[in-house]
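We count ligands from 1, going down the list as the structure has it; atoms in each ligand are counted the same way. In what follows, every heavy atom counts, from backbone to side chain, and hydrogens, waters and symmetry copies are set aside. Numbers here simply count residues along the sequence, with the first being 1.
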Amino acid sequence: MAVQAVERADSAAASSGPAVASSGSTVASFGPAVALSCRECGERVPLGPVFACASCFGPLEVAYELPLGDPEGLRRRIESGPADIWRYAPLLPVPADVASRPNLRPGFTRLVRADNLARELGVTGELHVKDDSGNPTHSFKDRVVAVAVEAARAFGFTTLSCSSTGNLAGAVGAAAARAGLRSCVFIPHDLEAGKVVMAAVYGGDLVGIEGTYDDVNRFCSELIGDPLGEGWGFVNVNLRPYYGEGSKTLAYEICEQLGWRLPDQLVIPIASGSQLTKIDKGLKELIALGLVEDRPYRIFGAQAEGCSPVSRAFKDGQDVVRPVKPDTIAKSLAIGNPADGPYVLDIARRTGGAVEDVTDPEIVDAIRLLARTEGIFAETAGGVTVGVTRKLLEAGELDPSLTTVVLNTGDGLKTLDAVAAGPSATIRPSLDAFREAGLG
Ligand SMILES: *Cc1c(COP(=O)(O)O)cnc(C)c1O
Ligand SMILES: [Zn+2]
């Protein structure tokens, strides 16, 4: 089966036009990836800059011939690899020498054992925070962009682009700068100052669009179909199948950092839903590869109430996600029409998880709670996951006696305005003044 897939991808790639130089170099460029396959109908097409199935318009995803059969050897190879996502290159659509190319080398961020937070929340099992604020541009987006950049190179794109809720624009700007590519990224015009500066500082073009993220995304889809967008790789549109794979590294790292163990429960934020679906894909791969024990895990999705179309559908027992107009401080998650929403619903239901949402005040409380208990300053998306964790524990949906991993996907420095915090007192530089302030 897998061998046949390689042959099909090979022969088809040879005749798929100038973007793919030759079948041999394409296969080498994408490591263990052998084809793109349709999530809906399963049809396979050669690896290329395409994202929708020609037969049914379903989303395409990367299919692999994974290195099965020698789990011990694979584990040793991973453990002796670099301390970034490229230690997992044997499981990603990237060339084997990817670590030696100019890129930002994100990943292998810390997994924090959060005993103080656990005590506060009444968790008796292990509680961990996977803290992706430690990536080069301070969000999880560096993972997905790093993989997309390799695809952009392989397809000969010269401009790197994206539609972004903020963090992605910064990650693309930085990655393009390092890779020597031009960048031009698109954001809603009303983002947080921290994200606008981060998106602009790397020297590429940044365009604010008067509208929501969903308007930005629609605009980018039009640009791809226009001669204006020729030679442009949109990391989350025409390179989306490759981009998505970068999120698998979160699953790999969490399990490796737990000592090659699956967590029982994961709480993951949802914007488009890509990250959540690919973490599930990564966990399934680790099981198939024999790197972790084959046992159940439960996936929980987290949204802000002001943009909770997936949570709503989950609670209503629906299979379709009805789009909403976002209104929340969690701007990085403010996608009203999430592309992977239906797949998120499938995964939450299949694994025995749930999708839940929290209000803006609950998000702020949760940011403060995580900062106060563990010394981790999360952006609003981290407030969403911690807040949802608290809510699901109170509702009895998360089991407090099990091993739970909560994702913090971004840095609080990018969403400073969400948290009104300041000095306890401002005083003259004298002991008397300090005594009067009552803080001694
Ligand atoms: C983009 C983003 C996510 C998740 O995005 P998906 O589209 O669901 O993959 C989560 N957290 C932060 C901080 C983000 O920027
Ligand atoms: Zn299809």
Side-chain angles (χ1 to χ4, degrees), residues 36-45 50-61 63 109 130-135 137-145 147-148 162-172 187 191-192 194-195 198-199 213-214 217 235-237 240-241 243-248 250 267-281 299 301-304 307 309-310 321 326 328-341 343-344 347 355 363 367 378-386 388 406-415 418:
L36 296 177
S37 76
C38 173
R39 284 251 288 269
E40 289 298 320
C41 74
E43 184 159 312
R44 286 194 170 212
V45 296
V50 287
F51 57 101
C53 173
S55 306
C56 77
F57 303 108
L60 297 174
E61 70 173 342
T109 56
K130 179 60 172 168
D131 185 16
D132 247 12
S133 66
N135 275 313
T137 69
H138 304 270
S139 88
F140 109 94
K141 290 295 195 307
D142 292 316
R143 299 175 182 275
V144 283
V145 170
V147 177
C162 67
S163 55
S164 172
T165 56
N167 284 318
L168 185 57
V172 166
I187 57 173
L191 289 186
E192 304 95 333
K195 287 188 183 145
M198 282 285 285
Y213 171 82
D214 299 282
N217 203 36
V235 298
N236 58 338
V237 189
R240 188 171 181 85
Y243 162 97
E245 296 300 294
S247 287
K248 295 193 307 178
L250 275 164
V267 184
I268 304 169
I270 301 166
S272 72
S274 172
Q275 178 188 115
L276 186 147
T277 63
K278 299 304 177 181
I279 288 176
D280 177 59
K281 185 180 183 186
I299 291 191
Q303 295 205 293
C307 183
V310 188
V321 174
T328 170
I329 58 167
K331 294 184 189 220
S332 56
L333 304 181
I335 297 185
N337 188 12
D340 289 301
Y343 302 110
V344 169
I347 290 166
V355 186
I363 293 168
I367 292 174
E379 79 142 82
T380 45
V384 168
T385 50
V386 172
V388 161
V406 180
L407 268 64
N408 172 40
T409 47
D411 193 323
L413 286 173
K414 291 203 208 182
T415 58

Close side-chain approach of [X] to [Y], heavy-atom, < 4.5 Å:
X    : Y    : answer
L168 : V145 : yes
K278 : V144 : no
D340 : L276 : no

K130 and T109: side chain donor to acceptor below 3.5 Å: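 The criterion, which ignores hydrogens and geometry beyond distance, is satisfied for T109 and K130.
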Donor-acceptor pair between R143 and T409 side chains, under 3.5 angstrom: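 Distance-only check fails for R143 and T409.
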Protein residues having a heavy atom less than 4.0 Å from any atom of ligand 1: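 Around ligand 1, where the cutoff is 4.0 Å for heavy atoms, the contacting residues are F140, K141, N167, P269, I270, A271, S272, G273, S274, Q275, S332, L333, E379, A381, T409.
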Any donor-acceptor N/O pair, Q303 side chain to V310 backbone, under 3.5 Å: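 Flag set: sc Q303 to bb V310 pair under 3.5 Å.
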Non-neighbouring partners of T385 that pass side-chain hydrogen bond (donor to acceptor under 3.5 Å, both in side chains), sequence neighbours left out: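 So T385 forms no side-chain hydrogen bond (donor to acceptor under 3.5 Å, both in side chains) with any residue.
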Protein N, O or S atoms lying under 2.8 Å from the Zn ion (ligand 2), listed by chain and number: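 Within the sphere that stays under 2.8 Å of the Zn ion (ligand 2), the protein atoms of type N, O or S are C38 SG, C41 SG, C53 SG, C56 SG.
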From CA spacing to verdict: side-chain contact (heavy atoms from CB on, under 4.5 Å), L413, H138: CA-CA 9 Å; L413 286 173; H138 304 270; over 6 Å; no
Test side-chain contact (heavy atoms from CB on, under 4.5 Å) applied to S133 - qualifying residues, sequence neighbours left out: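 Result, side-chain contact (heavy atoms from CB on, under 4.5 Å) vs S133: D131, N408, D411.
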